[in-house]
Visitor: 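If you scroll down you'll find the structure; I have some questions about it.
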Amino acid sequence: MTVTRFAPSPTGNLHIGGVRTALYNYIYAKQNDGKFLVRIEDTDQERSREKFEKNILDGLQMMGLAPDEDPVKQSQRGHLYLSAAQKIVDSGLGYYCDCQPERLEKLRNQQQKAGKKPMYDGKCRERNLSKSENTVLRLKTPRDGEVKFNDLVRGEVIFDNCELDDLILLRSNGNPTYHLCNVVDDASQGVTTVIRGEDHLSNTPRQIHIQEALGLPALEYAHLPLVLGENKKRLSKRDAVTSLDEYIASGYLPSSMVNMLARLGWSKGDKEIFYLDDLIRDFRMQEVQKAGAVFDIKKLDWINTNHLANLDLEEFIDHLKPFLKKESISLESKDNWKEIISHLRTSSPTLASISQDLIPYFLDIKTYDQKSVDKFLIGSKPLLEFVIRQLELIEPWSEDQLDDVLAKCQKDLDLKTPQLNQPIRVAVVGSTKSPSLGLTLSLIGKEVSIARIKKAIELND
RNA sequence: GUCCCGUUCGUCUAGAGGCCUAGGACACCGGGUUUUCAUCCCGGCAACAGGGGUUCGACUCCCCUACGGGAUGCCA
C-alpha cells in the first residue's frame, strides 16, 4: 500500500509551501488508495514550539488534508533512533569520531579555498574509537560507486558517492540528527513514497545510504519544485506573506488555496478551477513542473472570486460571518440582509474586502473616499437638494420606483447618467463602488439614504 | 568555491522532432454589457535565455556559456 507523509518541523506557523507539500502527499496517497501520515519533526528543541505544532495540525485540518492516523512526534521516539544507531555500530557501518568543530571548520575552509567540495576527510574512520563524551557517530559512506533513485518528477537521479562524506548520525550529546530520524521514521511508519521540497534533493543520497546500512527497503521519491516569491527566490517571510493563516484571515477560502497551490507547477489542459476531488482524479505527479514557480496573488484573487461564486448563498454567508464580526456588522440589524448579501457578494475578491464593501449597508459610512468626494460631491449641493425632494415622495421605496424617479430627475436636470448618479452614490455609500444606483438606494432604505444625502450636503458647505 | 537541479509571454503553464504563423489562464491595455465598482462578453499586447552541434527539419535531442535556485551544519 502507498503511504505518504508530511513531515514539518514545528518551528513556525504552517506556510503555504508546506501546505502544497502536504497537499501533493495527500493527493498521491488518495489516488493510490493509500494512507497520508503526518510526522512532527521536533528534534530541534531550541526552535520547536507546541503552538506551531498546533497551528500546523489545525491548518491541515482546515484545508481538508487531515492525516489518516494520529500524527507522530519525533521527540517521543528517541529509542527508535538510538537502537537504529546501535545497529549501524554493530554492523560496522558506523564509527565514532572525536574531531572537534574547530578542526572541521578549518578543514572546510581549506578545501573551499582549494576549489574543492567541503567534506569530512574521514580521519577517524579507521581509528576504532569507542563512544565517549565528545564523540559523534558517523556513517561509513561508500567511497566509490553511485546512488540511484527514481524520482516521480525528475525521473532517474544519480549521485556519485565520492561527492558525499561520512555524515553524522548521533551528535556528541547523544541526540540523533535529522537524517537518521527521517530514515528511521519513514521505515517505521511504513512510508513508501517521499514527497517533499526540492531542497531535499541532495539529502536523498545520504538518506539512502542510511537506509542501506540499516537494511531498509528503497523508497520512491518526488521532489517538488519550490514555491517562489516575486523576486524568484524561495518564498520567505521577509518579502511575502507566507503563512496560511494570513491568507485565510484575508478572506481566501481554503479551497482556493488548494486550487492555487495545486496549479502552481502543474496544469491539466485549459482547466483552472479545481477542488480537492478534482485533483484526486486529475492530478499526475509525473506532470509536475521541474522549475520553481512564483506565487502570484493576483491569480489567487481570481481563483478565490471563482470559488466564492461557486458557493451557494448559505455557504457563502457561513464563510463570511467571521469577517462580518470583525467589522461589527450584524446581519440581523437589517431585515433585507439576505438581499444585500446576494447583491454584494461579488463586489471584491476576498471575504475581508467584501465585508468592507458591506459596511455602508449595515453601519454608518466609516470613511469617504476622498477622490470620489472631490470629483463628485463638491459643488453638487443644488443637485442633491433637488434629488432629495423627489426621493422623499417615493412610495413604495423599491428599485423600480427609484429607477423611474432617477430617470426623471436626469431628464429634468438635463444631465448624463454619471453626472446625476455619481454624486448620489458617493453621498450614500461614500465611494463610487456600489451596484446600480436604484438597487443601492433600495437596499439602504429610504430613511438612511435621505439622511446620508443631507449629510453630504452639509459636508459640502 | 564545489556539487546538484532548473530555464517557453510580466506570472502560472501547453508543447514529448514536422500539427507552432508557439496554444490557454492570470495580470495589463482597449471596447461592449442602455456610459459607477465588480461580474460577464469581445478584442489586443506579450515568450521558446544565448551560442554551437545532430537532423531534410528543433521549443522539443546533445554540448558549452549565461542566469536562477538548492545543497554544501553536531538545522530540519
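A, B, ... follow the sequence lines: proteins, then strands. Residue 1 opens every chain.
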Visitor: Is A/Arg154 salt-bridged to A/Glu198, going by a charged N under 4.0 Å from an acidic O?
Guide: yes
Visitor: Between B/rA76 and B/rG51, how many Å separate the two P atoms, rounded to a whole number?
Guide: 46 Å
Visitor: For A/Asn231 and B/rC67, give me the distance from atom CG to atom P, rounded to whole Å.
Guide: 18 Å
Visitor: Between A/Asp199 and A/Arg234, is there a side-chain N and carboxylate O pair less than 4.0 Å apart?
Guide: yes
Visitor: Below 3.5 Å is the cut-off: list the nitrogen or oxygen pairs between protein and nucleotides 1-10 of chain B, distance only.
Guide:
from  : atom 1 : to       : atom 2 : distance (Å)
B/rC5 : O2'    : A/Arg154 : NH1    : 2.5
B/rC5 : O2'    : A/Glu198 : OE2    : 3.2

Visitor: Taking the C1' atom in each of B/rU2 and B/rC48, what is the distance between them to the nearest angstrom?
Guide: 31 Å
Visitor: Donor-acceptor pairs are to be reported for all side-chain atoms of residues 361-370 of chain A against protein atoms at under 3.5 Å, with residues two or more places apart or in another chain.
Guide:
from     : atom 1 : to       : atom 2 : distance (Å)
A/Asp369 : OD2    : A/Ser372 : N      : 3.1
A/Asp369 : OD2    : A/Ser372 : OG     : 2.5
A/Gln370 : NE2    : A/Asp374 : OD1    : 2.9

Visitor: For A/Phe274 and B/rC12, what is the distance between atoms CZ and C1' respectively, to the nearest whole Å?
Guide: 12 Å
Visitor: Taking any heavy-atom pair under 4.0 Å as a contact, classify A/Val136: base, sugar-phosphate, or nothing.
Guide: base
Visitor: Run the side-chain hydrogen bond (donor to acceptor under 3.5 Å, both in side chains) test on A/Asn203 and A/Tyr178 for me, step by step, so that the C-alpha distance in whole Å, both residues' side-chain angles and the decisive distance to 0.1 Å come before the verdict.
Guide: CA-CA 10 Å; A/Asn203 285 334; A/Tyr178 160 72; 4.6 Å; no
Visitor: For nucleotides 45-47 of chain B, give me every protein contact, N/O to N/O, under 3.5 Å, one pair per line with atom names.
Guide:
none

Visitor: Assign A/Leu228 to base, sugar-phosphate, or nothing according to its heavy-atom contacts below 4.0 angstrom with the strands shown.
Guide: nothing
Visitor: Can we say A/Glu53 and A/Lys51 salt-bridge, meaning some charged N sits less than 4.0 Å from an Asp/Glu carboxylate O?
Guide: no
Visitor: Look at all strands and tell whether A/Gly269 reaches a base, only sugar-phosphate, or nothing, counting heavy atoms closer than 4.0 Å.
Guide: nothing
Visitor: Before accepting this row, confirm whether a basic side-chain N of the pair A/Lys433/A/Asp357 lies closer than 4.0 Å to the acidic partner's carboxylate O.
Guide: yes
Visitor: Pairing check on B/rU34: which nucleotide meets the Watson-Crick or G-U wobble criteria with it, both distances under 3.5 Å?
Guide: none
Visitor: Need the pair for B/rG6. Rule: Watson-Crick or G-U wobble, both distances under 3.5 Å, any strand; none if unpaired.
Guide: B/rC67
Visitor: Would you kindly give the CD1-to-P distance between A/Ile168 and B/rU72, to the nearest whole Å?
Guide: 13 Å
Visitor: Atom CD of A/Gln207 to atom P of B/rA71: distance rounded to whole Å?
Guide: 13 Å
Visitor: Within this structure, what is the NZ-to-C1' distance between A/Lys268 and B/rC12, rounded to whole angstrom?
Guide: 16 Å
Visitor: Considering all heavy atoms of both residues, which atom of A/Asn304 and which atom of A/Pro349 are nearest to each other, and what is their separation?
Guide: ND2-O, 2.7 Å
Visitor: Determine the Euclidean distance between corresponding C1' atoms of B/rG69 and B/rC74; express it in Å to zero decimal places.
Guide: 27 Å
Visitor: Given the P atoms of B/rA16 and B/rG53, what is the spacing between them in whole Å?
Guide: 26 Å
Visitor: Going by an N to O cut-off under 4.0 Å, is there a salt bridge joining A/Arg206 and A/Glu163?
Guide: no
Visitor: Using atom C1' of each nucleotide, how far apart are B/rG18 and B/rC3 to the nearest Å?
Guide: 38 Å
Visitor: At a cut-off of 3.5 Å, list every protein nitrogen or oxygen paired with a nitrogen or oxygen from nucleotides 37-42 of chain B, distance to 0.1 Å.
Guide:
from   : atom 1 : to       : atom 2 : distance (Å)
B/rC37 : N3     : A/Ser434 : O      : 3.4
B/rA38 : O2'    : A/Thr346 : O      : 2.6

Visitor: Any base atoms under 4.0 Å from A/Asn421, or only sugar-phosphate, or nothing? Heavy atoms, all strands.
Guide: nothing
Visitor: Please give the distance between the P atoms of B/rU55 and B/rG50 as a whole number of Å.
Guide: 23 Å
Visitor: Checking base pairs now: Watson-Crick or wobble, both atom distances under 3.5 Å. What partners B/rG17?
Guide: none
Visitor: To the side chain of A/Gln74, which of B/rA76, B/rA14, B/rA25 is closest?
Guide: B/rA76
Visitor: Rounded to whole angstrom, note down the C1' distance from B/rG30 over to B/rC67.
Guide: 35 Å
Visitor: Applying a 4.0 Å non-hydrogen cut-off, can you work out what A/Arg47 is touching in the nucleic acid: base, sugar-phosphate, or nothing?
Guide: base
Visitor: Check every atom of B/rC74, B/rG70, B/rU35 against the side chain of A/Ser172 and return the nucleotide holding the closest atom.
Guide: B/rC74
Visitor: Taking only the side-chain heavy atoms of A/His200 (C-beta and beyond), determine which of B/rC26, B/rG69, B/rA76 contains the nearest atom.
Guide: B/rA76
Visitor: Is a salt bridge present between A/Asp44 and A/Arg47, judged by a nitrogen-to-oxygen distance below 4.0 Å?
Guide: yes
Visitor: Are any of A/Arg263's side-chain N or O atoms less than 4.0 Å away from OP1 or OP2 of B/rU13?
Guide: no
Visitor: Distance-only criterion, 3.5 Å: show the donor-acceptor pairs between side-chain atoms of residues 282-293 of chain A and protein atoms not counting sequence neighbours.
Guide:
from     : atom 1 : to       : atom 2 : distance (Å)
A/Arg284 : NH2    : A/Arg281 : O      : 2.9
A/Glu287 : OE1    : A/Trp266 : NE1    : 3.0
A/Glu287 : OE2    : A/Lys268 : NZ     : 3.4

Visitor: Tell me what A/Cys99 touches on the nucleic acid: a base, only sugar-phosphate, or nothing, going by heavy atoms under 4.0 Å.
Guide: base
Visitor: I'd like to know if A/Arg49 pairs up with A/Asp42 as an ion pair, taking the criterion as any Lys NZ or Arg NE/NH1/NH2 lying under 4.0 Å from an Asp or Glu carboxylate oxygen.
Guide: no
Visitor: In a table with atom names and distances, give each donor-acceptor pair under 3.5 Å that connects a side chain of residues 218-227 of chain A to protein atoms at least two apart or in another chain.
Guide:
from     : atom 1 : to       : atom 2 : distance (Å)
A/Glu220 : OE1    : A/Tyr28  : OH     : 3.2
A/Glu220 : OE1    : A/Thr193 : OG1    : 2.9
A/Tyr221 : OH     : A/Gln211 : NE2    : 3.1
A/His223 : ND1    : A/Asp151 : OD2    : 2.7
A/His223 : NE2    : A/Arg196 : NH1    : 3.2
A/His223 : NE2    : A/Thr204 : OG1    : 3.1

Visitor: Is A/Lys123 salt-bridged to A/Asp98, cutoff N-O under 4.0 Å?
Guide: no
Visitor: Starting at atom NZ of A/Lys416, determine the distance to atom P of B/rU36, rounded to an integer number of angstrom.
Guide: 12 Å
Visitor: Between A/Ser256 and A/His307, is any pair of side-chain heavy atoms under 4.5 Å apart?
Guide: yes
Visitor: According to the Watson-Crick and G-U wobble definitions, with both distances under 3.5 Å, which nucleotide is paired to B/rG1?
Guide: B/rU72
Visitor: Over how many whole Å does the gap from A/Leu167 atom CG to B/rC74 atom P extend?
Guide: 9 Å
Visitor: Expressed in angstrom and rounded to an integer, what is the separation of A/Lys131 atom NZ from B/rC74 atom C1'?
Guide: 14 Å
Visitor: Please measure how far the C1' atom in B/rA47 lies from the corresponding atom in B/rU35, and state the result in whole Å.
Guide: 36 Å
